[in-house]
**Student:** 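My structure is below; once you've seen it, I'll send some questions.
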Amino acid sequence: MKLKPSSWSADFRRKKMASGQLSRAEALARSGCRHACHVMLYSSTKAQLFGRSPIKHIILMQMRFDGLLGFPGGIVDPSKETLEAGLTRELLEELGVAIPISVEDHVETYYAPASSPSPSQLILHFYVKKMEEEQIMELEKAAASTAVDHGEEVLGMVRVPLYTTKGGVGLPAFLSHSFIGNARSQLVQSLLRLNLVSSWELHKALTHSLRIHARSVEDLPALLVLTEVKRKPSRTNT
Ligand SMILES: O=c1[nH]cnc2c1ncn2[C@@H]1O[C@H](COP(=O)(O)OP(=O)(O)O)[C@@H](O)[C@H]1O
């Protein structure tokens, strides 16, 4: 059945609502919500891994204080500043450089997944900004030297490996780590949207990352037992 434009847009809005997605304007009109803005900064590169495999793109993420991977950014209060001004301020704190972010860099807005710890409804705004490779390298230096959050809220910037090695690691292993909120889905959707990795390669990487994830937690029960033993008072002392 062919939908009329009006019912098509109603259908589109319904689907967006179901996926937790909403427009930037709709989000700003919601009262009683908190807002968080994060950005994927990336550049192309001619660098090669081990001098032979093209790295193609540099994408920056960060190891957060809570041990989870996420994008730079943070909470913004739209009653005090625009979302983009707030994001630029957060970037200064986390990266040591005020990278101007504009409305044109905005990609998507969603309700935070239900699992996110949040006292009130949290709305996540996601941005993507392409930079020059030299600028990315300057950022990495500043993030480890002048950024006020370094070593506290941010433990370090990381680059996302976009290749899969012959041994099946690289992107699959990266995707098997733990991410904050919907950061993994923001990453995967950006790779697809910007065509940085083909959907076929991504599908393979995600399939493999599931296996890596299962294997990477196999030693946890044994480690738990090890610490249980250490906690018990030694029999020879009693
Ligand atoms: O990269 C991300 N993508 C999506 N959501 C994120 C990301 N990083 C953090 N969040 C969500 O946004 C909330 C606030 O973010 P963040 O911890 O960066 O802000 P803050 O430093 O201002 O406290 C987090 O509790 C988390 O739910």
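Atoms within a ligand are numbered from 1 in the order they appear, just like the ligands themselves. Just so we're clear, the structure is a prediction, and the values are computed from it rather than from any experiment.
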**Student:** Quick one: does Glu94 get an N or O within less than 3.5 Å of an N or O on ligand 1?
**Tutor:** no

**Student:** State, without any angle test, whether Tyr111 and Gln21 hold a side-chain donor-acceptor pair at a distance under 3.5 Å.
**Tutor:** no

**Student:** Under 4.0 Å from a heavy atom of Glu90: give me the atoms of ligand 1 that qualify, with their elements.
**Tutor:** 22 (O)

**Student:** Can Arg159 and Glu140 be counted as an ion pair, charged N to O under 4.0 angstrom?
**Tutor:** yes

**Student:** Before you tell me yes or no, could you show the steps for Val39 and Phe126 under side-chain contact (heavy atoms from CB on, under 4.5 Å), namely the whole-Å CA-CA distance, both residues' side-chain angles and the distance that decides it to 0.1 Å?
**Tutor:** CA-CA 6 Å; Val39 62; Phe126 188 61; 6.0 Å; no

**Student:** Taking only heavy atoms of Ala183 into account, list the atoms of ligand 1 that are under 4.0 Å away from them.
**Tutor:** 1 (O), 2 (C), 3 (N)

**Student:** From atom 12 (O) of ligand 1, work out which of Met61, Arg34, His38, His125 has a heavy atom at the shortest distance.
**Tutor:** His38

**Student:** Run the salt bridge (Lys or Arg N to Asp or Glu O under 4.0 Å) check on Arg30 and Glu26 step by step: do they pass?
**Tutor:** CA-CA 7 Å; Arg30 296 272 187 280; Glu26 281 169 334; 5.5 Å; no

**Student:** Find all atoms of ligand 1 within a distance of less than 4.0 Å from any non-hydrogen atom belonging to Leu124, and give their numbers and elements.
**Tutor:** 5 (N), 11 (C), 12 (O)

**Student:** Is it true that Phe179 and Phe174 have ring centroids separated by less than 6.0 Å?
**Tutor:** yes

**Student:** Here's a test for you: under side chain to side chain contact (heavy atoms under 4.5 Å, CB included), which of Asp105, Val128, Ile99 qualifies with Leu41?
**Tutor:** Ile99

**Student:** Looking only at distances, can you tell me whether any N or O atom of Gly181, backbone or side chain, sits closer than 3.5 Å to an N or O atom of ligand 1?
**Tutor:** no

**Student:** Number the atoms of ligand 1 from 1 as they appear, then name those within less than 4.0 Å of a heavy atom of Gln186, with their elements.
**Tutor:** 1 (O), 2 (C), 3 (N), 4 (C)

**Student:** Are Ala112 and ligand 1 in contact, using a heavy-atom cut-off of under 4.0 Å?
**Tutor:** no

**Student:** To the nearest 0.5 Å, what is the distance between CD1 (Ile75) and CG (Leu122)?
**Tutor:** 5.0 Å

**Student:** With atoms numbered from 1 as shown, which atoms in ligand 1 lie under 4.0 angstrom from a non-hydrogen atom of Glu153?
**Tutor:** 21 (O)

**Student:** Checking contacts here: is it the side chain or the backbone of Ala36 that comes within 4.0 Å of ligand 1, counting heavy atoms only? Could be both or neither.
**Tutor:** side chain

**Student:** Would Thr45 and Glu133 count as having a side-chain donor-acceptor pair, cut-off 3.5 Å?
**Tutor:** yes

**Student:** Which part of Ile75 is near ligand 1, with near meaning a heavy atom under 4.0 Å away: side chain, backbone, both or neither?
**Tutor:** both

**Student:** Purely on distance, is any nitrogen or oxygen of Phe71 under 3.5 Å from one on ligand 1?
**Tutor:** yes

